[in-house]
Amino acid sequence: MTLDVHVRDLRYFVAVAEELHFTRAAERLYVSQPALSKQIRALERQLGIELFRRDRRGVALTDAGTALLPHARRVLDAWEEGAAALDTARAAQRSTLIVGMSTSPVRGGLLPAIRSRFTAAHPETHIRLRQVNWEDPTAGLADGAADVAFVWLPLPGQERYDWTVVAEEPLMVALPDTHPLTGRAEVDFTDLLDEPFLALPESSGPLRDFWLALDARDGRPPRIGAEIASTEETYEALTAGLGVCLVAAGNVPLLTLGGVTARPVRGVTPSRYVLAWRRQDGRRPLVRAYAEACRRVTGRE
């Protein structure tokens with residue numbers, strides 16, 4: 001029968017044991033004194049032994065009560081720790097997950113599909129999208145402004161991050177409509193070596209080198225026509241004839257809005273678009289859940 005004792009009963013017992021006064025204990029517990037006395041007597045009947053000795057001089061613990069007190073305190077302390085852990089878990093479920101990105105992942109409704117799957121499991125969590133420009137290739141991961149982020153590889157300080165691949169796509173070259181190479185169905189990268197290129201900011205580090213295809217130039221330095229830090233700046237620079245640029249096949253619709261043409265390119269490394277997070281955050285429940293939703297949507301479980 002002792003296994004059926006409620007936490008509330010132990011809390012009442014400890015309060016009376018510490019106050020040795022039913023009225024003061026009742027005030028401490030925000031219950032009436034008669035209700036407290038009734039509950040203590042019910043506990044004693046359940047345990048089959050008196051916990052308090054009551055007489056005209058006051059209230060005192062019996063030997064049984066003295067023996068029970070330290071154990072009751074430990075149970076209450078353990079329950080408080082458990083309740084705190086539940087509060088932490090509840091807060092995590094109700095918190096905000098910040099998703100960074102520098103280029104919107106427009107691939108087949110990817111974002112709505114991930115959101116739908118994630119919120120089905122975590123309906124109390126708010127997802128906030130954070131758009132950043134290309135000066136920060138980590139899209140907020142490096143400075144902690146984002147919890148997860150859709151980014152391109154390679155990343156500066158790549159060893160600090162983990163990721164799941166969203167898409168591996170061939171590269172195309174975006175050209176002004178008036179460019180002579182728009183007449184070709186496909187372009188060799190060697191035909192682009194003398195072209196002015198649009199370049200990411202220098203702060204993007206290895207990602208700038210990737211989109212300039214340095215590994216395909218045999219040491220020949222690129223000509224930089226202009227620096228761009230967003231899709232909008234890229235489109236404006238292309239239509240102004242400031243240069244050409246490589247673009248992942250999935251992002252072509254963002255640039256070919258009129259005045260810009262894209263053609264497949266031979267001789268360059270395909271792009272990898274990923275959902276990334278800081279390695280130390282890999283065990284955070286919401287980060288893991290969002291990554292899992294992404295894997296399921298992209299079929300990369």
Side-chain angles (χ1 to χ4, degrees), residues 99-114 129 131-139 141 148-156 158 161 163-176 179 181-182 184-189 191-192 195 197-201 204-217 222 224-239 243-276 294-295 297-300:
V99 181
M101 63 186 68
S102 54
T103 304
S104 178
V106 292
R107 294 147 177 82
L110 178 69
L111 270 181
I114 295 174
L129 302 181
Q131 190 91 23
V132 302
N133 66 33
W134 296 339
E135 291 179 354
D136 177 9
T138 72
L141 291 179
V148 296
F150 290 97
V151 294
W152 298 95
L153 297 182
L155 286 170
Q158 193 159 291
Y161 308 103
W163 57 80
T164 181
V165 176
V166 173
E168 296 177 275
E169 297 174 347
L171 297 188
M172 301 181 73
V173 60
L175 309 154
H179 198 286
L181 291 176
T182 59
R184 299 188 186 182
E186 195 173 37
V187 177
D188 273 314
F189 186 71
D191 294 327
L192 299 170
E195 294 288 336
F197 265 69
L198 305 181
L200 297 185
S204 63
L207 197 59
R208 171 184 167 112
D209 297 343
F210 174 82
W211 292 109
L212 291 173
L214 290 194
D215 62 343
R217 292 179 180 271
I224 306 301
E227 283 197 353
I228 38 91
S230 67
T231 301
E232 294 76 15
E233 288 184 14
T234 305
Y235 177 74
E236 294 298 328
L238 286 167
T239 55
V244 304
C245 69
L246 296 176
V247 58
N251 279 357
V252 166
L254 298 175
L255 294 177
T256 52
L257 305 177
V260 176
T261 297
R263 292 288 181 262
V265 181
R266 293 187 297 266
V268 289
T269 303
S271 65
R272 285 196 296 165
Y273 192 54
V274 304
L275 175 74
C294 181
R295 290 188 191 99
V297 168
T298 58
R300 297 177 181 269

Does any N or O in the side chain of [X] come within less than 3.5 Å of the main-chain N or O of [Y], such that one atom is a donor and the other an acceptor?
{"X": "R217", "Y": "L212", "result": "yes"}
{"X": "E236", "Y": "E233", "result": "no"}
{"X": "Y235", "Y": "G258", "result": "yes"}
{"X": "R272", "Y": "V165", "result": "no"}
{"X": "S271", "Y": "E169", "result": "yes"}

4.5 Å side-chain heavy-atom contact, [X] and [Y]:
{"X": "F210", "Y": "D215", "answer": "no"}
{"X": "L153", "Y": "L155", "answer": "yes"}
{"X": "P206", "Y": "P156", "answer": "yes"}
{"X": "Y161", "Y": "T138", "answer": "yes"}
{"X": "E195", "Y": "V173", "answer": "no"}
{"X": "T234", "Y": "V247", "answer": "no"}
{"X": "W163", "Y": "Q158", "answer": "yes"}
{"X": "M101", "Y": "Q131", "answer": "yes"}

Could you go through E186 and R266, starting from their C-alpha distance and side-chain angles, then the distance that decides it, and tell me whether this counts as side-chain contact (heavy atoms from CB on, under 4.5 Å)?
CA-CA 7 Å; E186 195 173 37; R266 293 187 297 266; 2.4 Å; yes
Quickly, which of I224, L238, V244 forms a side chain to side chain contact (heavy atoms under 4.5 Å, CB included) with L198? Name it, please.
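Testing L198 for a side chain to side chain contact (heavy atoms under 4.5 Å, CB included) against I224, L238, V244 leaves exactly one candidate, L238.
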Give, for atom CG of L110 and atom CZ of F150, the distance between the pair rounded to the nearest 0.5 Å.
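CZ of F150 is found 5.0 Å from CG of L110.
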On a heavy-atom basis, which atom in V187 and which in R263 lie closest, and how many Å separate them?
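So the minimum-distance heavy-atom pair works out to CG2-CB, 4.0 Å.
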May I ask you to decide if the ring planes of Y273 and W152 are parallel, tilted or perpendicular, using 30° and 60° as cut-offs?
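Taking W152 first and then Y273, their aromatic rings sit tilted (interplane angle of 30° to 60°).
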